[in-house]
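Each residue takes its place number in the sequence, starting with 1. Note that the structure is predicted; figures quoted are calculated from it, not measured.
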Amino acid sequence: MEQRVVIAITILVFLIVLFFYWKLTVGRYKSENSERMRKLWGKRTYYWEGLIYGSTFITFLIMCILRWTKVLHF
């Protein structure tokens with residue numbers, strides 16, 4: 001499979017995982033922090049940093065499973 005296609009699939013999977021992970025966690029984040037606290041850069045940075053790390057890990061696992069099942073060849 002062409003390398004560009006694999007990169008595009010990886011980015012797409014990452015964005016989909018990030019969106020669903022954000023949808024699952026945004027309610028709890030809002031309930032635990034007041035609006036004033038959510039506007040602080042430090043709180044926002046840690047929240048999004050955790051989302052990106054978690055989404056990267058889940059994307060990595062999905063890509064490993066797709067390679068292991070020979071759906072993607074790279």
Could you state the interatomic distance from CD1 (I65) to CD1 (I62), rounded to the nearest 0.5 Å? 7.0 Å

Taking all non-hydrogen atoms of both residues, which atom of H73 and which atom of V6 are closest, and how far apart? O-CG2, 4.4 Å

Treat each ILVMFWY residue as a node, draw an edge where side-chain heavy atoms are under 4.5 Å apart, and state whether I9 and L61 are in one component. no

Same cluster or not: L66 versus V5, using hydrophobic residues (I, L, V, M, F, W, Y) connected whenever any side-chain heavy atoms lie under 4.5 Å apart? yes

Please test E49 against I52 for side chain to side chain contact (heavy atoms under 4.5 Å, CB included), starting from the C-alpha separation and ending with a verdict. CA-CA 5 Å; E49 189 176 283; I52 290 172; over 6 Å; no

Do I11 and F57 sit in one hydrophobic cluster, given that two such residues count as connected whenever their side-chain heavy atoms are within less than 4.5 Å of each other, even indirectly? no

Among T59, T56, L51, find the one that has a side chain to side chain contact (heavy atoms under 4.5 Å, CB included) with L18. L51

Going only through I, L, V, M, F, W and Y residues with side-chain contacts under 4.5 Å, is there a path from V26 to I16? yes

Distance check, rounded to the nearest 0.5 Å: L72 atom CG versus C64 atom SG? 11.0 Å

With a 4.5 Å cut-off on side-chain heavy-atom distances among I, L, V, M, F, W and Y, is there a chain of contacts connecting V17 to L12? no

Which pairs pass side chain to side chain donor-acceptor pair (under 3.5 Å) with one or both residues in residues 3-29, sequence neighbours excluded? T25-Y47, R28-E32

Rounded distance (nearest 0.5 Å) linking atom NZ of K30 with atom CZ of R38: 6.0 Å

Within a strict 4.5 Å, meaning less than it, do heavy atoms of the K43 and M37 side chains meet? yes

Only counting residues at least two apart or in another chain, list the ones meeting salt bridge (Lys or Arg N to Asp or Glu O under 4.0 Å) with K39. E35

